[in-house]
2 protein chains.
Amino acid sequence: MAAVNGEQPQRPDQPARSEPSPYHDQPQYQVIANDLRARIQRRELPPGAQVPTEKDLAATYGCSRNTVRMALSALANEGLISAGRARAGRTVRRREQFVLTHRVEEELGATRLRGPDSFADQAHRLGRAPTQDIEVSIVAAGPEYATRLEIPADERLVVRRRVRYLDGTPSHLSESYYPLMLVKDTQVLDPTEIVPSVVPLLAALGHRQVRYTDEILSRMPDPAEVRLLEIGVGVPVIEHLRTGWSAERPVRLTRTVLPSDRHQLRYELPS
Amino acid sequence: MAAVNGEQPQRPDQPARSEPSPYHDQPQYQVIANDLRARIQRRELPPGAQVPTEKDLAATYGCSRNTVRMALSALANEGLISAGRARAGRTVRRREQFVLTHRVEEELGATRLRGPDSFADQAHRLGRAPTQDIEVSIVAAGPEYATRLEIPADERLVVRRRVRYLDGTPSHLSESYYPLMLVKDTQVLDPTEIVPSVVPLLAALGHRQVRYTDEILSRMPDPAEVRLLEIGVGVPVIEHLRTGWSAERPVRLTRTVLPSDRHQLRYELPS
DNA sequence: CAGTGGTCTAGACCACGGA
DNA sequence: CCGTGGTCTAGACCACTGG
């Protein structure tokens, strides 16, 4: 039944032993998970396909629904399948690959650096409609950011917090931090102002950016990020911290949170 | 008992309603998970601390052990707590931060690029003992790598696959791919050979690297990586793909898999 | 409205690691 | 040894969604 999977009986009723020791080799739910994972990887269950219902799987493998759920939960946490939505069931998750590619380019002679925040540019080039929610506030720096910006932890920072969307669906989160003392009485504080980039503005104030430091890490999203960016179970985020320096000091900190099923980072560099 | 947590009764016996509709607002296991998550974040449960036992939590919240397990499972999948090991119980996971920092530096005038694979250097600087298992083989390129190296998918590649360790514990996985036709009859094929870097060797063969393209993405590890690198539940990996170019063509592909609880990437770049 | 997955219970046995 | 978490069962009711 279920046609496939002729290999071996997944559970030979009773494993020779009279009755005891149920799972000496590998727990049943992992056997089920391994089986489904293999079927997904060899494209027998292609992206977008329906995963068999929990009831069917329980019948197929001769175990309870809870055991099947443990297997499916493992696969969901690996990002391979979606959570179920009632009658729609679960589906094999599509690897939509990178919707957006951050990029740093540098021409050989010129030492010129493009990006990374040509978000609107790249979106338009892909024929997608970019939008964003902006929110500006003033906060205390805190130990993390204070270290990077080389200021006291209680100094005030202007935060520009943006949730960006492509065609209405959340793309990523981007926060920029500026020491208040550097930018007070400028448009940076105006949330309605569409500043294409704050960098030239800082340059005009005498804080021209001459170098960057990028830190890149990965982790599971917290519940707030899950809600804000509509992140599925088992999908990690990439966190990208860019500290911008003038000749004298750090002047800018950008924090980007990218759901890893929609984004990748890209750097192009001379050797 | 349990001492802490005087805030509110987490579950007022029966929520006013006579009996029905169990979880209209939020499922119990999420309430429990949120509570524990908050206690971890405010350091009431600091890194390394014992998480209360499942039985205790069930008693505290007045629910079954299975419900508690759903909450703990969610926290484990967020990378916040460890899985339990029998009598040792579960602990709040330590954020050991980056053990190793990959780095790309470039001096302003010179356009010189250091790293990223001064792994041994950086390890020694940190007083850690680096070791590695090397395995060399020859494989067909496959569509993914063929595209990046601009060769037919059936062309042969030499693979140098390294699992690297710090003080005996797995650090990360690093694979380098070279078109066989570029490197045949060289030491690259010798697994015992400690080639500090293959780059100068390629340069001597007329394939001097002049630029890189780095692609960085994140995902959950597959079971093989979990075993090889001893990755905990809920810890994503960073995958780093570097394509090295000579003046004419791609000559080298490096794939690095980094458990995100031990690593971060870092770039230092001119503006 | 029928059937899916989500939530939850109250049990059970087992492997394993500290005391 | 004893208690932990890991595995598993056989039920139950509910919310949501597609036909």
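Chain identifiers are assigned alphabetically (A, B, ...) following the order of the sequence lines, protein sequences preceding nucleic acid strands; residue numbering begins at 1 within each chain.
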Which is more 5' along DNA chain C, the nucleotide nearest A88(B) or the one nearest E54(A)? Just name the residue. E54(A)
Does this structure show an ion pair linking E215(A) with R148(A), if we count only N-O contacts that are shorter than 4.0 Å? yes
In whole angstroms, how far is the C1' atom of dG3(D) from the CD atom of Q50(B)? 13 Å
I'd like to know if R69(B) and E54(B) make a salt bridge, using a cut-off of under 4.0 Å between side-chain N and carboxylate O. yes
Would you indicate which nucleotide in dC8(C), dT4(D), dG5(C) comes nearest to any side-chain atom of A86(B)? dT4(D)
Whole angstrom value for the distance that separates C1' of dT9(D) from CZ of R65(A): 13 Å
So which heavy atom on P259(B) is nearest to which on S171(B), and how close? CD-O, 3.2 Å
Within the pair T67(A) and dT9(D), is there a side-chain N or O less than 4.0 Å away from OP1 or OP2? yes
Using a cut-off of strictly less than 4.0 Å between a heavy atom of the residue and any atom of DNA chain D, enumerate the qualifying residues of residues 68-80 of chain B by number. R69(B)
Per the atom types in the model, does the base of dA19(C) pair as donor or acceptor with the side chain of R87(B) at under 3.5 Å? no
Output the rounded distance in Å from CD (Q28(B)) to P (dA12(D)). 20 Å
On the nucleotide dG6(C), are OP1 or OP2 found under 4.0 Å from the side-chain N or O atoms that R90(A) carries? yes
Does any N or O in the side chain of N34(A) come within less than 3.5 Å of the main-chain N or O of Q30(A), such that one atom is a donor and the other an acceptor? yes
Is E78(A) paired with R37(A) through a side-chain N to carboxylate O contact shorter than 4.0 Å? yes
Test item: R262(B) side-chain N/O and P170(B) main-chain N/O as donor-acceptor pair under 3.5 Å: yes
Given the structure, check if the side chain of R85(A) and the base of dG18(D) hold any donor-acceptor pair shorter than 3.5 Å. no
In this structure, how many angstroms lie between the P atom of dA12(C) and the CG atom of N66(B), rounded? 14 Å
Tested for side chain to side chain contact (heavy atoms under 4.5 Å, CB included) against L36(B), the lone hit among V68(B), L80(B), L57(B), I81(B) is L57(B)
Return the angle between end axes of the helix from dC1(C)-dG18(D) to dG18(C)-dC1(D), with five pairs used per end and rounding to 10°. 10°
Stepwise, does the side-chain hydrogen bond (donor to acceptor under 3.5 Å, both in side chains) test hold for Y29(B) with N66(B)? CA-CA 9 Å; Y29(B) 83 91; N66(B) 281 352; over 6 Å; no
Closest to the P27(B) side chain: dT4(D), dT7(D), dT7(C)? dT7(C)
Nearest-angstrom distance from the residue atom CD of Q26(A) to C1' of dG6(D): 14 Å
For I32(B) and dC8(C), give me the distance from atom CD1 to atom P, rounded to whole Å. 8 Å
Using OP1 and OP2 only, check whether a side-chain N or O of S64(B) sits under 4.0 Å from dG11(C). no
With a 3.5 Å distance limit and no angle check, can you tell me whether S218(A) reaches the backbone of S260(B) through a side-chain donor-acceptor pair? no
